Amino acid sequence: MNFQELISQRESIRNYDPGKPVETEKLRRVLEAGRIAPSAANRQPWRFYLISSIENLTKIKTCYQRNWFQDAPHILVVAGKRSAAWVRPYDGYNAIETDLTIAMDHMILAAESEGLGTCWIAAYEPVKLHATGIFDDDEEIFAITPLGYQKAGFQKRGIKDRKAFDEVVSFV
Ligand SMILES: Cc1cc2nc3c(=O)[nH]c(=O)nc-3n(C[C@H](O)[C@H](O)[C@H](O)COP(=O)(O)O)c2cc1C
């Protein structure tokens, strides 16, 4: 699959086979894509939590109450320390959110290339995530995604519902 095919085929997956954990080598390749992502001043202010134990999955899944989310065999959490990120001296802009978003996007695309489903989730309850006790107190969580195979017979929508090219691009 070339890059254009990869980004065209990726879509948010809300269907996971709970009985089919992902092979360790594939998980490691996905996480490696996050590890090598760029970050402002190369600060790498992130930590990637791949949650797979029944105990931690049970805790983490309380933060987002959707049936399909409960099925996921793995949850990937992208966390970071604001104090570790680069800050622009002119106006105090902190790059943490940009850095972690790029890392998450790298991992989501890597997962697609491994034939795995993901769905970026921002609508979780942060208090419940921190109550799991998995994360450091000074770590902020910026994105989570389920990671896994789709159930047998599941078909992607295959539709990109996007604004038209000319609506979002200006050649000036
Ligand atoms: C920052 C961000 C937050 C999102 N949060 C959620 C979410 O909480 N729940 C959900 O089901 N999908 C969530 N999504 C998925 C979007 O709904 C989805 O990417 C968008 O509708 C485009 O569809 P596609 O990913 O299938 O191309 C999120 C996506 C992004 C980029």
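When a ligand or atom number is given, it counts from 1 through the structure's own listing order. The model shown is predicted, which means the values in this text are computed figures rather than measured ones.
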Worksheet item: What atoms in ligand 1 come closer than 4.0 Å to a heavy atom of Lys160?
Response: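 Counting atoms of ligand 1 from 1, those under 4.0 Å from Lys160 are 27 (O).
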
Check whether any N or O atom of [X], backbone or side chain, sits under 3.5 Å from an N or O atom of ligand 1, and answer yes or no.
X: Glu11; answer: no
X: Ala122; answer: yes
X: Cys119; answer: no
X: Trp68; answer: no

Worksheet entry | Heavy-atom protein contact below 4.0 Å for atom 25 (O) of ligand 1 |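 Answer yes: something from the protein, a heavy atom, is under 4.0 Å.
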
Worksheet item: For atom 28 (C) of ligand 1, is the nearest protein heavy atom closer than 4.0 Å?
Response: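 So atom 28 (C) of ligand 1 has protein heavy-atom neighbours under 4.0 Å.
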
Of the protein's non-hydrogen atoms, which lies at the shortest distance from [atom], and what is that distance?
atom: atom 23 (O) of ligand 1; value: Arg162 NH1, 3.9 Å
atom: atom 8 (O) of ligand 1; value: Ala123 N, 3.0 Å
atom: atom 19 (O) of ligand 1; value: Ser12 OG, 3.3 Å
atom: atom 16 (C) of ligand 1; value: Arg14 NH2, 4.0 Å
atom: atom 9 (N) of ligand 1; value: Tyr64 OH, 2.8 Å
atom: atom 13 (C) of ligand 1; value: Trp120 O, 2.8 Å

Answer yes or no: are there more than 12 heavy-atom neighbours, outside [X] itself, under 6.0 Å from its atom [atom1]?
X: Arg47; atom1: CZ; value: no
X: Lys160; atom1: NZ; value: yes
X: Arg88; atom1: CZ; value: yes
X: Glu97; atom1: CD; value: no

Item to complete: Could you tell me whether Tyr124 and Tyr64 have their ring centroids closer than 6.0 angstrom?
Response: no

Practice prompt. To the nearest 0.5 Å, tell me how far Asp71 CG sits from Leu57 CG.
Written response: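 Rounded to the nearest 0.5 Å, the CG-CG separation comes out at 11.5 Å.
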
Worksheet item: Under 3.5 Å, is there a donor-acceptor pair between the Glu114 and Tyr149 side chains?
Response: no

Discussion item. Determine whether Thr98 and Tyr93 satisfy the following criterion, side-chain hydrogen bond (donor to acceptor under 3.5 Å, both in side chains), listing intermediate values before the conclusion.
Written reply: CA-CA 11 Å; Thr98 307; Tyr93 155 77; 2.7 Å; yes

Worksheet item: Does Asp136 pair with Lys81 as a salt bridge, N-O distance under 4.0 Å?
Response: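 Answer for the salt bridge query: yes.
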
Item to complete: Could you tell me if any non-hydrogen atom of Arg157 lies under 4.0 Å from any atom of ligand 1?
Response: yes

